[in-house]
Each structure stands twice: as structure tokens, then as C-alpha cells.
Amino acid sequence: MRCLCFLIVAFAVSIACYGQSALTLSDNFIETLPPKSGSEEWSALNRSNAFGVKLVGGKLAISKVEQRNSTELKIPKGMLVGVDHGEWGGKLIFKPTLKTKESVEIKSGNIQFIFSFQDKIYFIEGLAHLSISEGSLYELSISNQKFTYRKILDFEDAPEAFTIYRDRLLIVTHKNFYLLKDFKKKLIFKDAFWQTLYPNSIAAIDEQTIYIGLRGGIVRLDLVKKTMKFYKPRN
């Protein structure tokens, strides 16, 4: 189990499902000031389409996305599946490849992501509902088809989008942005305007430039200068 390089990672905070038509930042969006939380403009964004970001051939690709509520990771002899039903809960389960064997529930909780990193398996859970906004990172161990897990760290609010860039984990939560290196958590942006705009994806151009997809537009973060820009659709 120490060599997991072949594993297929499916990231999702409630996984973003990309549409067929790709959009470009320069042609389809205009730069504007980030709206103030609670303003009419901010409320309008919450009712808008959600846009997802990813890298295709080293370039930023943008698409309209819909929200799903599961994430999967293929492992030997089966599939790890995480489910998030919001305030109604969720769970992490193992589904064996052999249909004669039953699924195993590993942990209850709102599972946002399952991923392999540095030859180990991790999962992130989180929930934002009413006054609750919380989340945690766990390491999952598998031995003789027995599953155990341990908590690595907690977040101050619910994780909503995630990616890996080289030796770092980049995580957008309900209203913050974190960088994790050697599993040491660094808060880069706090109380950002995107709370309740449901960030769904992250595209890391390099160590400095990060794009985030969310409802109503795209955010560009500069992790060195600690600045952000917001782009909304032209029409």
C-alpha cells in the first residue's frame, strides 16, 4: 500500500461537473472589484451560475458547472466513496470490486475529498450549515482490508475546494484560503467575500497565481502579494 502512484484521484467538494463549452477569461469575463459580503451585488452572485476552473495543457480553462455530492478514489480491490448530504450527514465507504463482498462503512461525516498524496491516502470532511462551519483533514490507513483513520488537523471553517500543487495542499474554505506544506497550516486569506458563494475548484498556475471557481465568477489570488481580483461574466 506504500506505492499509490497509480491511483485515480477524483476531487470534489460536492464534485464540480464541467460543461462541454470552455470559456476564456479574457473573452468572457471582465475584472471588477470583489463585492462586499451582504451587498445586493453579492446576493445576485449567489443566484448566478457557478463557474469551475482547471488547467488544460497548462492553460486556464473555465466552464459552467453543477454541484454533485460525492467523491471517489480507486484503490486495489475496490473504490473509496465519500458522500456529502449536507445537514443530513454523509459517510466514507469502501466498495469492493467483487460483487460478492459487501461495502464497508469506514466513517460517518460529510466527506468532501479523498486523495492520495506522498504515497498515503487522505480525506477531508466539512460542513457549513446555519451557524456551523467546520472541517478536518484525516489520514486513512489500510491493512488486510481493515480501515483505520487519524485526524491530522482542523480547519476554522468548512473546506469547499481543494487541489495539490507540487508538495503543497491548497484549500479554499467557506470564507478562508489555506496553504498546507508538511501538513502545517498557513492562513493566507481570511474572511474573504466568497462566503456563501460556494467555491468549487482551484487551478494553480504557479506558486504565486491561483484561480478559484465559484458562483457568479472567477477569483484570481496572488499568494505573494496577498491580493485578489474578481472576474464576472460579461453578460
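Worth knowing before you read on, the calculation uses all heavy atoms, side chains too, and leaves out hydrogens, waters and symmetry mates.
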Quick check: is [Y] connected to [X] through a chain of hydrophobic side chains (ILVMFWY, heavy atoms under 4.5 Å apart)?
| X | Y | value |
| --- | --- | --- |
| Y198 | Y231 | no |
| L170 | F117 | no |
| L127 | V83 | no |
| M79 | I75 | no |
| I218 | I212 | no |

Taking all non-hydrogen atoms of both residues, which atom of [X] and which atom of [Y] are closest, and how far apart?
| X | Y | value |
| --- | --- | --- |
| P233 | G216 | CD-O, 3.3 Å |
| P199 | T173 | CG-O, 4.3 Å |
| S43 | G38 | OG-O, 4.4 Å |
| A204 | Y165 | CB-CD1, 3.6 Å |
| I164 | S116 | CD1-O, 3.8 Å |
| N200 | G52 | OD1-CA, 3.3 Å |

### Task
Give the ring-plane orientation class for F162 versus F115, where under 30° counts as parallel, over 60° as perpendicular and anything between as tilted.
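Aromatic pair F162/F115 classed tilted.
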
More than 12 non-hydrogen atoms from neighbouring residues, nucleotides or ligands closer than 6.0 Å to [atom1] on [X], yes or no?
| X | atom1 | answer |
| --- | --- | --- |
| K107 | NZ | yes |
| R166 | CZ | no |
| E87 | CD | yes |

### Query
E125 and N110: side chain to side chain donor-acceptor pair (under 3.5 Å), yes or no, with the steps?
CA-CA 5 Å; E125 66 177 17; N110 299 86; over 6 Å; no

### Message
For a side chain to side chain donor-acceptor pair (under 3.5 Å) check, start with the C-alpha distance between N69 and H85, then their side-chain angles and the critical distance, and finish with the verdict.
### Response
CA-CA 7 Å; N69 62 354; H85 292 306; 3.2 Å; yes

Between atom [atom1] of [X] and atom [atom2] of [Y], what is the distance when rounded to the nearest 0.5 Å?
| X | Y | atom1 | atom2 | result |
| --- | --- | --- | --- | --- |
| K151 | S136 | NZ | OG | 4.0 Å |
| D154 | L137 | CG | CG | 9.5 Å |
| I188 | N176 | CD1 | CG | 11.0 Å |
| L169 | L180 | CG | CG | 5.5 Å |
| W42 | R47 | CH2 | CZ | 10.0 Å |
| L223 | K186 | CG | NZ | 9.0 Å |

### Task
Report the C-alpha distance between L55 and I205 in whole Å, list the side-chain angles of each, state the deciding distance to 0.1 Å, and finish with yes or no for side chain to side chain contact (heavy atoms under 4.5 Å, CB included).
CA-CA 8 Å; L55 293 181; I205 304 300; 3.4 Å; yes

Less than 4.5 Å apart, side chain to side chain, heavy atoms only: is that true for [X] and [Y]?
| X | Y | value |
| --- | --- | --- |
| K226 | V224 | no |
| F94 | F147 | yes |
| L80 | L140 | yes |
| Y138 | L92 | no |

### Task
Mind running side chain to side chain contact (heavy atoms under 4.5 Å, CB included) on Q195 and S37 for me, showing each step along the way?
CA-CA 8 Å; Q195 58 180 311; S37 297; 3.6 Å; yes

In plain terms, say whether [X] and [Y] are close enough for a salt bridge, that is, a side-chain N and a carboxylate O under 4.0 Å apart.
| X | Y | result |
| --- | --- | --- |
| K175 | D157 | no |
| K95 | E72 | no |
| K232 | E31 | no |
| E156 | K185 | yes |

### Query
Does the side chain of T196 come under 3.5 Å of the side chain of N46 through a donor N or O and an acceptor N or O?
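Not at all, the side chains of T196 and N46 share no donor-acceptor pair under 3.5 Å.
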
### Query
If you measure only the distance, is there a donor-acceptor pair under 3.5 Å linking the side chains of Y211 and R220?
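There is such a pair (donor and acceptor under 3.5 Å, judged by atom type) between the side chains of Y211 and R220.
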
### Criterion side chain to side chain contact (heavy atoms under 4.5 Å, CB included) on I121 and I114, from CA distance to verdict
CA-CA 7 Å; I121 298 176; I114 313 169; 4.3 Å; yes

### Query
Okay, side chain of S201, backbone of V53: is any donor-acceptor separation there less than 3.5 Å?
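The answer is yes, because a donor-acceptor pair under 3.5 Å joins these two groups.
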
### Query
Taking T209 for the side chain and D206 for the main chain, is one N or O donor matched with an acceptor at less than 3.5 Å?
no

### Message
Does F113 form a ring pair (Phe, Tyr, Trp, His ring centres under 6.0 Å) with F123? I'd like the steps, not just the answer.
### Response
CA-CA 5 Å; F113 317 102; F123 65 92; over 10 Å; no

### Query
When the ring centroid of F189 is compared with that of Y178, is the distance short of 6.0 Å?
no

### Task
Starting from the C-alpha separation in whole Å, work towards a yes-or-no answer on side chain to side chain contact (heavy atoms under 4.5 Å, CB included) for F177 and I210.
CA-CA 11 Å; F177 182 90; I210 308 295; 4.3 Å; yes

### Message
Which residue is it: F29, F193, F51? I am looking for the one with a ring pair (Phe, Tyr, Trp, His ring centres under 6.0 Å) to F230.
### Response
F193

